[in-house]
Amino acid sequence: MSRFDLRPKIRSSFFLRNVRLRARGSSRFRILRPLAHRDFALLWLGNSISMLGDGIYYVAIAWQVYELRNVPSALAVVGLATTLPMVIFLLLGGVISDRFDRRRVMIAGDIVRGVAILAIGVLSVTGSIEFWHVIVLVAVYGIGEAFFGPAFGAIVPDIVPPSELVQANSLEQFVRPLAFRLAGPALGGWIIAAIGGGEAGAAFLVDAATFGASALALLAMTPRPITRATGEEQASFLREAMEGLRFVKSRTWLWATLGSATVTLLFFWGPFEVLLPYIVKNRLGGGADDLGLIFAVGGVGAIIAAFLMAQRGLPGRHILFMYSSWSIGIASVSLYAFTTEVWQAMVISFIEATMITCGMIVWGTLMRALVPTALQGRVNSLDWLVSIGLVPLSYALTGPVAKWLGAESTLLWAGILGGATTAGVLFIPGMFDTERDGSLVLEPT
(Lines give C-alpha, C1' and ligand atoms only; values in the text may rest on other atoms or scores of the structure.)
Protein backbone atom coordinates (compact mmCIF):
# COMPACT_ATOMS: atom_id res chain seq x y z
CA MET A 1 0.00 0.00 0.00
CA SER A 2 1.42 3.36 -0.98
CA ARG A 3 1.75 6.02 1.72
CA PHE A 4 1.42 8.83 -0.82
CA ASP A 5 -1.77 10.90 -0.89
CA LEU A 6 -3.25 10.10 -4.29
CA ARG A 7 -6.56 11.93 -3.82
CA PRO A 8 -5.76 14.83 -6.20
CA LYS A 9 -4.67 12.45 -8.94
CA ILE A 10 -7.68 10.20 -8.66
CA ARG A 11 -10.04 13.13 -8.20
CA SER A 12 -8.88 14.54 -11.52
CA SER A 13 -9.03 11.19 -13.27
CA PHE A 14 -10.79 11.51 -16.61
CA PHE A 15 -12.42 8.13 -16.12
CA LEU A 16 -13.94 8.98 -12.78
CA ARG A 17 -15.18 12.39 -13.91
CA ASN A 18 -16.71 10.83 -17.00
CA VAL A 19 -18.54 8.20 -14.96
CA ARG A 20 -19.95 10.83 -12.59
CA LEU A 21 -21.07 13.15 -15.39
CA ARG A 22 -22.84 10.31 -17.14
CA ALA A 23 -24.50 9.33 -13.87
CA ARG A 24 -25.77 12.87 -13.23
CA GLY A 25 -27.20 13.13 -16.71
CA SER A 26 -28.82 9.73 -16.72
CA SER A 27 -32.56 9.68 -16.24
CA ARG A 28 -33.07 6.68 -18.43
CA PHE A 29 -30.72 4.29 -16.66
CA ARG A 30 -31.51 4.65 -12.97
CA ILE A 31 -28.84 2.13 -12.02
CA LEU A 32 -26.15 4.77 -12.73
CA ARG A 33 -27.49 7.45 -10.38
CA PRO A 34 -25.42 6.55 -7.28
CA LEU A 35 -22.25 7.11 -9.32
CA ALA A 36 -22.93 10.85 -9.20
CA HIS A 37 -21.64 10.73 -5.62
CA ARG A 38 -17.84 10.93 -5.72
CA ASP A 39 -17.14 8.62 -2.78
CA PHE A 40 -19.55 5.97 -4.03
CA ALA A 41 -17.96 6.16 -7.49
CA LEU A 42 -14.55 5.53 -5.91
CA LEU A 43 -15.93 2.72 -3.76
CA TRP A 44 -17.59 1.20 -6.82
CA LEU A 45 -14.42 1.49 -8.91
CA GLY A 46 -12.17 -0.13 -6.30
CA ASN A 47 -14.68 -2.84 -5.47
CA SER A 48 -15.23 -3.64 -9.15
CA ILE A 49 -11.51 -4.21 -9.67
CA SER A 50 -11.31 -6.27 -6.48
CA MET A 51 -14.27 -8.44 -7.52
CA LEU A 52 -12.60 -9.06 -10.87
CA GLY A 53 -9.75 -10.51 -8.85
CA ASP A 54 -12.20 -12.53 -6.75
CA GLY A 55 -13.51 -14.12 -9.94
CA ILE A 56 -9.96 -15.01 -10.99
CA TYR A 57 -9.34 -16.48 -7.53
CA TYR A 58 -12.56 -18.52 -7.72
CA VAL A 59 -11.16 -20.54 -10.62
CA ALA A 60 -7.51 -20.42 -9.57
CA ILE A 61 -7.96 -21.78 -6.06
CA ALA A 62 -10.07 -24.71 -7.25
CA TRP A 63 -7.57 -25.57 -9.98
CA GLN A 64 -4.56 -25.17 -7.68
CA VAL A 65 -6.03 -27.43 -5.02
CA TYR A 66 -7.10 -30.13 -7.46
CA GLU A 67 -3.63 -30.04 -9.00
CA LEU A 68 -2.16 -30.71 -5.56
CA ARG A 69 -4.75 -33.22 -4.41
CA ASN A 70 -7.44 -34.34 -6.85
CA VAL A 71 -10.14 -35.25 -4.31
CA PRO A 72 -13.19 -33.22 -3.21
CA SER A 73 -12.11 -33.36 0.44
CA ALA A 74 -9.02 -31.27 -0.38
CA LEU A 75 -11.00 -28.29 -1.65
CA ALA A 76 -13.41 -28.78 1.25
CA VAL A 77 -10.52 -28.41 3.71
CA VAL A 78 -9.41 -25.20 1.97
CA GLY A 79 -12.95 -23.83 2.23
CA LEU A 80 -12.99 -24.73 5.92
CA ALA A 81 -9.66 -22.97 6.46
CA THR A 82 -11.02 -19.83 4.76
CA THR A 83 -14.37 -19.57 6.51
CA LEU A 84 -13.49 -20.66 10.05
CA PRO A 85 -11.29 -17.60 10.74
CA MET A 86 -14.04 -15.43 9.27
CA VAL A 87 -16.54 -16.85 11.74
CA ILE A 88 -14.14 -16.31 14.64
CA PHE A 89 -13.27 -12.68 13.79
CA LEU A 90 -16.54 -11.35 12.33
CA LEU A 91 -18.01 -9.95 15.55
CA LEU A 92 -14.77 -8.11 16.24
CA GLY A 93 -14.82 -6.83 12.67
CA GLY A 94 -18.35 -5.50 13.14
CA VAL A 95 -17.56 -3.64 16.35
CA ILE A 96 -14.38 -2.19 14.83
CA SER A 97 -16.43 -1.01 11.82
CA ASP A 98 -18.78 0.90 14.13
CA ARG A 99 -15.93 2.41 16.18
CA PHE A 100 -13.48 3.58 13.53
CA ASP A 101 -13.36 5.05 10.03
CA ARG A 102 -14.86 2.26 7.93
CA ARG A 103 -12.74 3.30 4.98
CA ARG A 104 -9.53 2.59 6.92
CA VAL A 105 -10.86 -0.75 8.14
CA MET A 106 -11.49 -1.73 4.50
CA ILE A 107 -8.00 -0.62 3.45
CA ALA A 108 -6.49 -2.81 6.19
CA GLY A 109 -8.64 -5.72 5.00
CA ASP A 110 -7.42 -5.23 1.43
CA ILE A 111 -3.79 -5.23 2.54
CA VAL A 112 -4.15 -8.45 4.56
CA ARG A 113 -5.98 -10.26 1.78
CA GLY A 114 -3.64 -9.00 -0.94
CA VAL A 115 -0.51 -10.13 0.91
CA ALA A 116 -1.98 -13.60 1.48
CA ILE A 117 -2.89 -14.09 -2.18
CA LEU A 118 0.47 -12.68 -3.31
CA ALA A 119 2.24 -15.29 -1.18
CA ILE A 120 0.18 -18.09 -2.74
CA GLY A 121 1.02 -16.77 -6.21
CA VAL A 122 4.76 -16.56 -5.55
CA LEU A 123 4.85 -20.07 -4.09
CA SER A 124 2.89 -21.43 -7.02
CA VAL A 125 4.96 -19.70 -9.72
CA THR A 126 8.21 -20.89 -8.15
CA GLY A 127 6.90 -24.46 -7.99
CA SER A 128 7.38 -24.71 -4.24
CA ILE A 129 3.75 -24.60 -3.15
CA GLU A 130 2.46 -27.32 -0.88
CA PHE A 131 -1.02 -28.04 0.37
CA TRP A 132 -0.29 -26.75 3.88
CA HIS A 133 0.86 -23.43 2.41
CA VAL A 134 -2.57 -22.96 0.88
CA ILE A 135 -4.31 -23.82 4.17
CA VAL A 136 -2.35 -21.26 6.20
CA LEU A 137 -2.59 -18.45 3.65
CA VAL A 138 -6.31 -18.78 2.94
CA ALA A 139 -6.84 -18.62 6.72
CA VAL A 140 -5.05 -15.24 6.73
CA TYR A 141 -7.24 -14.23 3.78
CA GLY A 142 -10.33 -15.17 5.80
CA ILE A 143 -9.25 -12.90 8.68
CA GLY A 144 -8.93 -9.96 6.29
CA GLU A 145 -12.38 -10.73 4.87
CA ALA A 146 -13.88 -10.72 8.38
CA PHE A 147 -12.96 -7.04 8.75
CA PHE A 148 -13.54 -5.88 5.17
CA GLY A 149 -17.03 -7.36 4.73
CA PRO A 150 -18.88 -5.67 7.63
CA ALA A 151 -17.18 -2.33 6.93
CA PHE A 152 -18.16 -2.45 3.26
CA GLY A 153 -21.79 -3.22 4.05
CA ALA A 154 -21.89 -0.44 6.64
CA ILE A 155 -20.31 2.35 4.60
CA VAL A 156 -22.79 2.44 1.72
CA PRO A 157 -25.63 4.20 3.65
CA ASP A 158 -23.06 6.80 4.72
CA ILE A 159 -22.36 7.88 1.14
CA VAL A 160 -25.64 7.20 -0.73
CA PRO A 161 -29.02 8.85 0.06
CA PRO A 162 -31.97 6.55 0.95
CA SER A 163 -33.69 7.37 -2.34
CA GLU A 164 -30.86 5.64 -4.26
CA LEU A 165 -30.26 2.57 -2.10
CA VAL A 166 -32.10 0.23 -4.48
CA GLN A 167 -29.98 1.52 -7.36
CA ALA A 168 -26.78 1.29 -5.29
CA ASN A 169 -27.53 -2.32 -4.36
CA SER A 170 -28.49 -3.11 -7.94
CA LEU A 171 -25.27 -1.56 -9.20
CA GLU A 172 -23.28 -3.63 -6.72
CA GLN A 173 -25.10 -6.77 -7.85
CA PHE A 174 -24.59 -5.71 -11.49
CA VAL A 175 -20.83 -5.36 -11.06
CA ARG A 176 -20.43 -8.44 -8.87
CA PRO A 177 -21.55 -10.96 -11.51
CA LEU A 178 -19.90 -8.98 -14.29
CA ALA A 179 -16.57 -9.16 -12.49
CA PHE A 180 -16.92 -12.14 -10.18
CA ARG A 181 -18.98 -14.49 -12.32
CA LEU A 182 -18.31 -13.34 -15.90
CA ALA A 183 -15.06 -11.50 -16.61
CA GLY A 184 -13.11 -12.76 -13.59
CA PRO A 185 -13.59 -16.52 -14.04
CA ALA A 186 -13.18 -16.27 -17.82
CA LEU A 187 -9.98 -14.26 -17.35
CA GLY A 188 -8.77 -16.63 -14.64
CA GLY A 189 -9.35 -19.68 -16.81
CA TRP A 190 -7.57 -17.98 -19.72
CA ILE A 191 -4.58 -16.96 -17.58
CA ILE A 192 -4.19 -20.49 -16.26
CA ALA A 193 -4.55 -22.11 -19.69
CA ALA A 194 -2.70 -19.61 -21.89
CA ILE A 195 -0.14 -17.88 -19.66
CA GLY A 196 0.35 -20.28 -16.79
CA GLY A 197 0.58 -23.37 -18.95
CA GLY A 198 -2.09 -25.06 -16.86
CA GLU A 199 -0.67 -23.74 -13.56
CA ALA A 200 -2.55 -21.26 -11.38
CA GLY A 201 0.33 -19.10 -10.05
CA ALA A 202 0.03 -16.24 -12.54
CA ALA A 203 -3.69 -15.94 -11.82
CA PHE A 204 -3.02 -15.48 -8.10
CA LEU A 205 -0.52 -12.71 -8.84
CA VAL A 206 -3.10 -10.82 -10.91
CA ASP A 207 -5.64 -11.26 -8.12
CA ALA A 208 -3.19 -9.84 -5.57
CA ALA A 209 -2.71 -6.73 -7.72
CA THR A 210 -6.47 -6.05 -7.69
CA PHE A 211 -6.44 -5.67 -3.90
CA GLY A 212 -3.84 -2.95 -4.27
CA ALA A 213 -6.05 -1.12 -6.77
CA SER A 214 -9.01 -1.38 -4.40
CA ALA A 215 -7.00 0.00 -1.49
CA LEU A 216 -5.83 2.99 -3.56
CA ALA A 217 -9.42 3.84 -4.50
CA LEU A 218 -10.46 3.64 -0.83
CA LEU A 219 -7.52 5.86 0.13
CA ALA A 220 -8.87 8.54 -2.22
CA MET A 221 -12.29 8.61 -0.51
CA THR A 222 -13.21 11.24 2.06
CA PRO A 223 -12.26 10.14 5.60
CA ARG A 224 -15.37 9.46 7.67
CA PRO A 225 -14.37 8.95 11.33
CA ILE A 226 -17.11 7.66 13.59
CA THR A 227 -18.44 10.47 15.79
CA ARG A 228 -20.19 9.89 19.09
CA ALA A 229 -22.71 12.13 20.78
CA THR A 230 -21.36 14.54 23.38
CA GLY A 231 -20.87 12.78 26.69
CA GLU A 232 -21.40 9.34 25.17
CA GLU A 233 -18.88 6.84 26.46
CA GLN A 234 -17.49 3.98 24.43
CA ALA A 235 -19.05 0.77 25.66
CA SER A 236 -17.21 -2.50 26.05
CA PHE A 237 -16.79 -4.82 23.09
CA LEU A 238 -19.30 -7.29 24.51
CA ARG A 239 -21.89 -4.61 25.28
CA GLU A 240 -21.66 -3.17 21.75
CA ALA A 241 -21.90 -6.64 20.20
CA MET A 242 -24.99 -7.40 22.31
CA GLU A 243 -26.59 -4.13 21.20
CA GLY A 244 -26.42 -5.32 17.61
CA LEU A 245 -27.79 -8.73 18.59
CA ARG A 246 -30.77 -7.16 20.39
CA PHE A 247 -31.66 -5.17 17.29
CA VAL A 248 -31.55 -8.32 15.13
CA LYS A 249 -33.79 -10.20 17.59
CA SER A 250 -36.35 -7.39 17.49
CA ARG A 251 -36.94 -7.71 13.73
CA THR A 252 -38.58 -10.94 12.48
CA TRP A 253 -37.51 -10.43 8.85
CA LEU A 254 -33.93 -10.04 10.04
CA TRP A 255 -33.45 -12.87 12.52
CA ALA A 256 -35.51 -15.31 10.48
CA THR A 257 -33.50 -14.62 7.33
CA LEU A 258 -30.19 -14.99 9.14
CA GLY A 259 -31.33 -18.19 10.79
CA SER A 260 -32.59 -19.71 7.55
CA ALA A 261 -29.38 -18.73 5.78
CA THR A 262 -27.40 -20.64 8.40
CA VAL A 263 -29.24 -23.87 7.65
CA THR A 264 -29.54 -23.29 3.91
CA LEU A 265 -25.82 -22.66 3.46
CA LEU A 266 -25.03 -25.74 5.52
CA PHE A 267 -26.80 -27.79 2.86
CA PHE A 268 -25.83 -25.74 -0.16
CA TRP A 269 -22.47 -24.00 0.11
CA GLY A 270 -19.93 -26.77 0.51
CA PRO A 271 -21.37 -29.07 -2.18
CA PHE A 272 -21.70 -26.23 -4.70
CA GLU A 273 -18.22 -24.80 -4.12
CA VAL A 274 -16.43 -28.14 -3.95
CA LEU A 275 -18.31 -30.50 -6.25
CA LEU A 276 -19.11 -28.34 -9.28
CA PRO A 277 -15.39 -27.87 -10.14
CA TYR A 278 -14.82 -31.56 -9.43
CA ILE A 279 -17.59 -32.60 -11.82
CA VAL A 280 -16.39 -30.25 -14.55
CA LYS A 281 -12.84 -31.58 -14.29
CA ASN A 282 -13.48 -35.27 -13.73
CA ARG A 283 -16.88 -36.10 -15.27
CA LEU A 284 -17.37 -33.56 -18.03
CA GLY A 285 -13.67 -33.61 -18.95
CA GLY A 286 -13.51 -29.82 -18.94
CA GLY A 287 -10.61 -27.51 -18.19
CA ALA A 288 -10.20 -24.35 -16.16
CA ASP A 289 -11.52 -22.35 -19.11
CA ASP A 290 -14.74 -24.44 -19.15
CA LEU A 291 -15.24 -23.87 -15.43
CA GLY A 292 -14.71 -20.16 -16.02
CA LEU A 293 -17.31 -20.14 -18.78
CA ILE A 294 -19.88 -21.85 -16.57
CA PHE A 295 -19.46 -19.16 -13.93
CA ALA A 296 -19.40 -16.50 -16.65
CA VAL A 297 -22.81 -17.48 -18.04
CA GLY A 298 -24.19 -17.20 -14.52
CA GLY A 299 -22.70 -13.73 -14.46
CA VAL A 300 -24.67 -12.79 -17.56
CA GLY A 301 -27.92 -13.80 -15.87
CA ALA A 302 -27.05 -11.87 -12.72
CA ILE A 303 -26.18 -8.75 -14.73
CA ILE A 304 -29.54 -8.86 -16.50
CA ALA A 305 -31.32 -9.32 -13.16
CA ALA A 306 -29.50 -6.38 -11.57
CA PHE A 307 -30.28 -4.03 -14.45
CA LEU A 308 -33.98 -4.94 -14.49
CA MET A 309 -34.26 -4.60 -10.70
CA ALA A 310 -32.70 -1.13 -10.80
CA GLN A 311 -35.13 0.00 -13.49
CA ARG A 312 -38.17 -1.46 -11.78
CA GLY A 313 -37.37 -0.59 -8.15
CA LEU A 314 -38.24 -2.54 -5.03
CA PRO A 315 -41.23 -4.91 -5.47
CA GLY A 316 -44.24 -4.19 -3.28
CA ARG A 317 -44.25 -7.77 -2.02
CA HIS A 318 -40.51 -7.60 -1.43
CA ILE A 319 -40.28 -10.40 1.17
CA LEU A 320 -42.26 -12.84 -0.99
CA PHE A 321 -40.22 -11.87 -4.03
CA MET A 322 -36.90 -12.22 -2.18
CA TYR A 323 -37.61 -15.67 -0.79
CA SER A 324 -39.18 -17.00 -3.97
CA SER A 325 -36.11 -15.92 -5.93
CA TRP A 326 -33.71 -17.49 -3.44
CA SER A 327 -35.68 -20.74 -3.27
CA ILE A 328 -35.66 -21.22 -7.05
CA GLY A 329 -31.99 -20.28 -7.36
CA ILE A 330 -30.81 -22.63 -4.63
CA ALA A 331 -33.03 -25.52 -5.74
CA SER A 332 -31.66 -25.28 -9.29
CA VAL A 333 -28.28 -26.52 -8.00
CA SER A 334 -29.84 -30.00 -7.93
CA LEU A 335 -29.82 -29.98 -11.73
CA TYR A 336 -26.01 -30.13 -11.80
CA ALA A 337 -26.37 -33.75 -10.76
CA PHE A 338 -27.79 -34.60 -14.19
CA THR A 339 -25.37 -32.67 -16.43
CA THR A 340 -23.52 -34.56 -19.15
CA GLU A 341 -22.31 -31.57 -21.19
CA VAL A 342 -20.68 -28.26 -20.29
CA TRP A 343 -23.46 -26.26 -21.99
CA GLN A 344 -26.03 -27.80 -19.64
CA ALA A 345 -24.07 -26.59 -16.64
CA MET A 346 -24.01 -23.13 -18.24
CA VAL A 347 -27.82 -23.03 -18.43
CA ILE A 348 -28.15 -24.07 -14.79
CA SER A 349 -25.60 -21.46 -13.77
CA PHE A 350 -27.65 -18.79 -15.59
CA ILE A 351 -30.83 -19.72 -13.69
CA GLU A 352 -29.12 -20.03 -10.32
CA ALA A 353 -27.26 -16.70 -10.50
CA THR A 354 -30.23 -14.76 -11.92
CA MET A 355 -32.60 -15.76 -9.16
CA ILE A 356 -30.15 -15.42 -6.28
CA THR A 357 -29.13 -11.95 -7.49
CA CYS A 358 -32.74 -10.76 -7.50
CA GLY A 359 -33.11 -11.81 -3.87
CA MET A 360 -29.78 -10.29 -2.83
CA ILE A 361 -30.73 -6.86 -4.20
CA VAL A 362 -33.86 -6.82 -2.05
CA TRP A 363 -31.91 -8.06 0.97
CA GLY A 364 -29.21 -5.42 0.60
CA THR A 365 -31.84 -2.69 0.36
CA LEU A 366 -33.62 -3.89 3.50
CA MET A 367 -30.36 -4.04 5.44
CA ARG A 368 -29.20 -0.58 4.44
CA ALA A 369 -32.59 1.14 4.71
CA LEU A 370 -33.93 -0.37 7.94
CA VAL A 371 -30.79 -0.73 10.09
CA PRO A 372 -29.65 2.45 11.92
CA THR A 373 -26.33 3.85 10.72
CA ALA A 374 -24.75 3.46 14.16
CA LEU A 375 -25.49 -0.28 14.09
CA GLN A 376 -24.62 -1.02 10.47
CA GLY A 377 -21.20 -2.56 11.16
CA ARG A 378 -22.43 -4.83 13.94
CA VAL A 379 -25.58 -5.94 12.14
CA ASN A 380 -23.60 -6.60 8.96
CA SER A 381 -21.08 -8.64 10.94
CA LEU A 382 -23.93 -10.63 12.48
CA ASP A 383 -25.34 -11.11 8.98
CA TRP A 384 -22.03 -12.60 7.88
CA LEU A 385 -21.47 -14.52 11.11
CA VAL A 386 -24.87 -16.15 11.42
CA SER A 387 -25.18 -16.75 7.69
CA ILE A 388 -21.83 -18.49 7.33
CA GLY A 389 -21.68 -19.90 10.85
CA LEU A 390 -22.17 -23.47 9.61
CA VAL A 391 -20.31 -23.04 6.31
CA PRO A 392 -17.10 -24.51 7.81
CA LEU A 393 -19.17 -27.55 8.80
CA SER A 394 -20.64 -27.65 5.30
CA TYR A 395 -17.14 -27.84 3.86
CA ALA A 396 -16.10 -30.43 6.43
CA LEU A 397 -19.09 -32.67 5.61
CA THR A 398 -18.93 -32.34 1.84
CA GLY A 399 -15.94 -34.64 1.35
CA PRO A 400 -17.25 -37.56 3.47
CA VAL A 401 -20.81 -37.21 2.17
CA ALA A 402 -19.65 -37.09 -1.45
CA LYS A 403 -17.53 -40.18 -0.85
CA TRP A 404 -20.56 -41.95 0.62
CA LEU A 405 -23.32 -40.79 -1.76
CA GLY A 406 -21.27 -39.71 -4.78
CA ALA A 407 -20.76 -36.18 -6.07
CA GLU A 408 -23.95 -36.14 -8.14
CA SER A 409 -26.28 -37.32 -5.37
CA THR A 410 -24.73 -34.88 -2.92
CA LEU A 411 -25.45 -31.98 -5.27
CA LEU A 412 -28.98 -33.24 -5.84
CA TRP A 413 -29.82 -33.28 -2.12
CA ALA A 414 -27.99 -30.00 -1.50
CA GLY A 415 -30.36 -28.19 -3.86
CA ILE A 416 -33.48 -29.93 -2.59
CA LEU A 417 -32.82 -29.38 1.11
CA GLY A 418 -31.47 -25.85 0.63
CA GLY A 419 -34.40 -24.74 -1.51
CA ALA A 420 -37.01 -26.29 0.82
CA THR A 421 -35.45 -24.68 3.90
CA THR A 422 -35.47 -21.26 2.28
CA ALA A 423 -39.09 -21.50 1.14
CA GLY A 424 -40.21 -22.70 4.57
CA VAL A 425 -39.23 -19.41 6.22
CA LEU A 426 -42.19 -17.70 4.54
CA PHE A 427 -44.48 -19.45 7.02
CA ILE A 428 -42.91 -17.85 10.12
CA PRO A 429 -45.37 -15.39 11.75
CA GLY A 430 -44.34 -11.78 11.26
CA MET A 431 -42.21 -12.38 8.18
CA PHE A 432 -44.27 -9.97 6.09
CA ASP A 433 -44.33 -7.11 8.60
CA THR A 434 -42.22 -4.78 6.44
CA GLU A 435 -44.72 -5.20 3.62
CA ARG A 436 -47.57 -4.08 5.88
CA ASP A 437 -46.31 -1.60 8.50
CA GLY A 438 -44.82 1.01 6.17
CA SER A 439 -41.40 0.86 7.87
CA LEU A 440 -39.61 0.57 4.52
CA VAL A 441 -39.93 4.04 3.07
CA LEU A 442 -37.61 5.00 0.22
CA GLU A 443 -37.84 8.56 -1.02
CA PRO A 444 -39.13 8.79 -4.59
CA THR A 445 -36.37 9.00 -7.21
Side-chain angles (χ1 to χ4, degrees), residues 57-59 61-88 131-132 134-135 138-139 142 258-286 290-291 294-295 298 326-342 344-345 348-349 351-353 355-356 384-425:
Y57 173 85
Y58 203 36
V59 174
I61 193 66
W63 223 249
Q64 180 67 74
V65 170
Y66 281 136
E67 285 296 318
L68 292 172
R69 297 187 180 182
N70 191 28
V71 290
S73 59
L75 189 55
V77 170
V78 171
L80 175 63
T82 306
T83 54
L84 187 58
M86 290 175 60
V87 171
I88 294 171
F131 188 63
W132 72 268
V134 178
I135 298 299
V138 299
L258 299 188
S260 70
T262 303
V263 180
T264 298
L265 293 181
L266 170 65
F267 294 133
F268 163 78
W269 194 263
F272 176 76
E273 293 284 320
V274 172
L275 299 180
L276 178 56
Y278 180 80
I279 285 177
V280 171
K281 186 176 191 294
N282 293 280
R283 194 179 78 177
L284 303 184
D290 292 309
L291 180 61
I294 291 170
F295 292 140
W326 280 344
S327 299
I328 295 170
I330 292 170
S332 68
V333 170
S334 295
L335 300 176
Y336 284 118
F338 305 102
T339 55
T340 56
E341 301 287 344
V342 170
Q344 297 169 350
I348 299 168
S349 179
I351 298 170
E352 173 257 326
M355 302 311 298
I356 289 180
W384 280 62
L385 175 63
V386 176
S387 297
I388 70 168
L390 295 182
V391 166
L393 180 60
S394 181
Y395 277 118
L397 292 175
T398 295
V401 172
K403 186 176 181 180
W404 175 43
L405 294 178
E408 293 81 3
S409 294
T410 303
L411 277 171
L412 173 65
W413 282 105
I416 292 174
L417 295 175
T421 300
T422 302
V425 176

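Values reported hereafter were calculated over all heavy atoms of this structure, with side chains retained and with hydrogens, waters and symmetry mates removed.
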**Prompt:** After noting the C-alpha distance and the side-chain angles of Ser349 and Tyr336, does the key distance pass the side-chain contact (heavy atoms from CB on, under 4.5 Å) rule?
**Reply:** CA-CA 9 Å; Ser349 179; Tyr336 284 118; 3.5 Å; yes
**Message:** Pair Asp290, Leu284 - check side-chain contact (heavy atoms from CB on, under 4.5 Å), show working.
**Reply:** CA-CA 10 Å; Asp290 292 309; Leu284 303 184; over 6 Å; no
**Request:** Begin from the C-alpha positions of Phe131 and Val78 and carry the test side-chain contact (heavy atoms from CB on, under 4.5 Å) through to its verdict.
**Result:** CA-CA 9 Å; Phe131 188 63; Val78 171; 3.9 Å; yes
**Asked** Where do Glu408 and Leu412 land on the side-chain contact (heavy atoms from CB on, under 4.5 Å) test, with the steps shown first?
**Response** CA-CA 6 Å; Glu408 293 81 3; Leu412 173 65; over 6 Å; no
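Exactly one residue among Leu411, Thr398, Val65, Val77 makes a side-chain contact (heavy atoms from CB on, under 4.5 Å) with Val274. That residue is Thr398.
By the neighbour-count criterion of 12 heavy atoms within 6.0 Å, atom CH2 of Trp326 is densely surrounded, having more than that number from other residues, nucleotides or ligands.
Closest of all the heavy-atom pairs between Phe267 and Ala414 is O-CB, 3.2 Å.
Under the 3.5 Å distance criterion, the side-chain polar atoms of Ser334 are matched with a main-chain donor or acceptor of Ile416. Remark: the backbone N or O of Ser327 is not paired with any side-chain donor or acceptor of Thr422 at under 3.5 angstrom.
Atoms CD1 and CG, from Ile330 and Leu417 in turn, are 11.5 Å apart once rounded to the nearest 0.5 Å. With values rounded to the nearest 0.5 angstrom, Leu393 atom CG is found 11.0 Å from Leu84 atom CG. The structure places OG1 of Thr83 at 9.5 Å from CD1 of Ile88, a figure rounded to the nearest 0.5 Å.
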